[in-house]
Amino acid sequence: MPTSSASTPDSAKSAGGGGVQSLERAFDLLERMADAGGEVGLSELSATSGLPLPTIHRLMRTLVACGYVRQQPNRRYALGPRLIRLGESASRLLGTWARPYLARLVEETGETANMALLDGDEVVYVAQVPSKHSMRMFTEVGRRVLPHSTGVGKALLSAVPDDEVRALLTRTGMPAATDKTITTPEEYLSALAEVRRQGYAVDDNEQEIGVRCLAVCVPESPTAAAISISGPAGRVTEAATEKIVPVLQQVAVELSQALASSGA
């Protein structure tokens with residue numbers, strides 16, 4: 001006999017738009033765990049998601065069995081190590097998708113173009129297209145840096161509430177890469193306010209003497225991302241900044257649209 005809809009398990013129930021409800025719920029729980037810092041209790045998930053505890057418990061058991069979540073000795077749940085492989089692969093693909101847009105930045109600005117993500121408390125570079133100038137900047141893809149001394153770091157943290165930025169800076173410290181590096185939370189938060197006001201970030205000899213970097217966030221990116229150009233301070237002048245920033249902002253919007261359409 002046909003099975004009634006009332007007895008159909010979550011895994012077979014379709015959600016709106018043709019999705020599978022249990023899958024949508026599982027991914028929603030994973031994202032909520034990430035937003036909470038990677039470790040939560042079932043009651044917290046129930047409060048934020050609105051799902052009943054038995055449903056959450058069933059989904060979490062499945063995620064634990066698959067290795068995407070692990071149960072801690074304190075009975076709380078944490079994101080599992082199997083997600084690392086997925087995240088690394090996704091980061092590489094994101095860099096691949098961004099390269100044509102970075103290449104356009106190089107063509108229009110003449111300077112090296114980069115893409116970076118905020119990964120935990122660090123900035124990681126996931127793509128780069130080098131300038132054609134003989135004197136050019138080079139950052140190894142995969143390199144991780146602290147965000148406080150980079151243009152992309154400022155752009156990324158400008159979208160983060162000040163109290164969370166202050167907590168991050170407490171965890172990482174603010175070592176000086178050069179004598180231009182901002183090394184106090186108060187000055188850095190003031191710099192982020194300026195980034196929000198003007199719509200772009202500047203690294204003015206703060207990561208490396210003689211180098212200036214201009215950066216903007218990729219709006220509505222599926223993960224926090226920023227693109228930038230970097231070059232010798234003698235070329236990336238204030239006058240050049242006025243011409244480069246609108247190009248950066250336009251390319252960021254187009255990249256955002258491309259990422260959204262690829263996930264549709």
Side-chain angles (χ1 to χ4, degrees), residues 30-41 44 48 68-70 72 74 76-95 98 114-128 139-178 180-196 200-208 211 213-228 230 252:
L30 289 173
E31 291 188 2
R32 290 178 187 278
M33 292 177 71
D35 291 341
E39 181 178 322
V40 295
E44 296 169 57
T48 59
Y68 297 119
V69 169
R70 62 186 300 174
Q72 306 287 69
N74 61 5
R76 291 166 64 83
Y77 289 85
L79 295 176
R82 197 167 182 187
L83 289 170
I84 295 172
R85 182 169 64 91
L86 298 182
E88 290 175 344
S89 297
S91 294
R92 286 194 296 271
L93 283 174
L94 191 59
N114 310 281
M115 182 177 190
L117 309 179
L118 187 61
D119 184 20
D121 289 347
E122 297 177 315
V123 167
V124 57
Y125 290 90
V126 296
Q128 181 180 85
T139 298
E140 183 180 359
V141 172
R143 181 188 179 199
R144 292 175 173 271
V145 297
L146 297 181
H148 72 283
S149 60
T150 64
V152 286
K154 286 181 185 175
L156 290 163
L157 290 185
S158 70
V160 176
D162 281 358
D163 58 341
E164 294 182 24
V165 173
R166 192 181 292 275
L168 181 152
L169 297 175
T170 298
R171 292 191 298 269
T172 64
M174 301 181 70
T178 75
K180 300 284 189 179
T181 305
I182 298 174
T183 56
T184 67
E186 289 71 23
E187 187 179 357
Y188 191 74
L189 291 173
S190 177
L192 293 187
E194 180 67 8
V195 173
R196 297 181 189 113
Y200 67 94
V202 181
D203 158 14
D204 190 1
N205 295 273
E206 296 164 50
Q207 178 69 19
E208 185 176 346
V211 177
C213 173
L214 307 173
V216 299
C217 281
V218 178
E220 300 180 12
S221 173
T223 187
I227 58 174
S228 69
S230 55

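Quick caveat: nothing in here was measured; it's all calculated off a predicted structure.
Between atom CG of residue Leu30 and atom CE of residue Met33 there is a gap of 6.5 Å, rounded to the nearest 0.5 Å. Note: Leu189 CG to Leu169 CG = 7.0 Å, rounded to the nearest 0.5 Å. Note that OG of Ser228 is 6.0 Å distant from OH of Tyr125, once rounded to the nearest 0.5 Å. Rounded to the nearest 0.5 Å, atoms SG (Cys217) and CG (Leu118) are 9.5 Å apart. With rounding to the nearest 0.5 Å, the separation of CG in Asp203 from NE2 in His148 is 10.5 Å. Summarising the geometry, atom CG belonging to Leu146 is positioned 5.0 Å from atom OG1 belonging to Thr172; distances are rounded to the nearest 0.5 Å.
Ala252 pairs by the side-chain contact (heavy atoms from CB on, under 4.5 Å) definition with Val216, Pro219, Ile227, not counting sequence neighbours. Here Glu31 pairs with nothing under the side chain to side chain donor-acceptor pair (under 3.5 Å) rule; sequence neighbours left out. In this view, Glu122 and Arg144 satisfy the salt bridge (Lys or Arg N to Asp or Glu O under 4.0 Å) rule, not counting sequence neighbours. For Glu39, the side-chain contact (heavy atoms from CB on, under 4.5 Å) partners two or more places apart in sequence, or in a different chain, are Gln72, Asn74, Arg76, Ala78. Scanning for side chain to side chain donor-acceptor pair (under 3.5 Å) contacts around Tyr77 gives Gln71, with sequence neighbours left out. Residues passing the salt bridge (Lys or Arg N to Asp or Glu O under 4.0 Å) test with Arg70: none are found, sequence neighbours excluded. Under the side-chain contact (heavy atoms from CB on, under 4.5 Å) criterion, Ala176 pairs with Thr181, Thr183, sequence neighbours left out.
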* Do Val165 and Tyr188 pass the side-chain contact (heavy atoms from CB on, under 4.5 Å) test, and can you show the C-alpha distance, the side-chain angles, and the key distance before you say yes or no? -> CA-CA 9 Å; Val165 173; Tyr188 191 74; 4.1 Å; yes
* **Stepwise side-chain contact (heavy atoms from CB on, under 4.5 Å) check, Leu117 with Val123** => CA-CA 6 Å; Leu117 309 179; Val123 167; over 6 Å; no
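Among residue pairs with one or both ends in residues 159-169, those qualifying as side-chain hydrogen bond (donor to acceptor under 3.5 Å, both in side chains) are Asp162-Arg196, Arg166-Glu186; sequence neighbours excluded.
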Show the atom names and distances, to 0.1 Å, of all donor-acceptor pairs under 3.5 Å that link a side chain in residues 149-161 to residues at least two apart or in another chain.
residue: Ser149; atom: OG; partner: Gln207; partner atom: OE1; Å: 2.5
residue: Thr150; atom: OG1; partner: Pro147; partner atom: O; Å: 3.4
residue: Thr150; atom: OG1; partner: Gly153; partner atom: N; Å: 2.9
residue: Lys154; atom: NZ; partner: Val202; partner atom: O; Å: 2.8
residue: Lys154; atom: NZ; partner: Glu206; partner atom: OE1; Å: 2.9
residue: Lys154; atom: NZ; partner: Glu206; partner atom: OE2; Å: 3.0
residue: Ser158; atom: OG; partner: Ala155; partner atom: O; Å: 2.6

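Without hydrogens or angle criteria, Arg32 side chain to Thr48 main chain gives a donor-acceptor distance under 3.5 Å.
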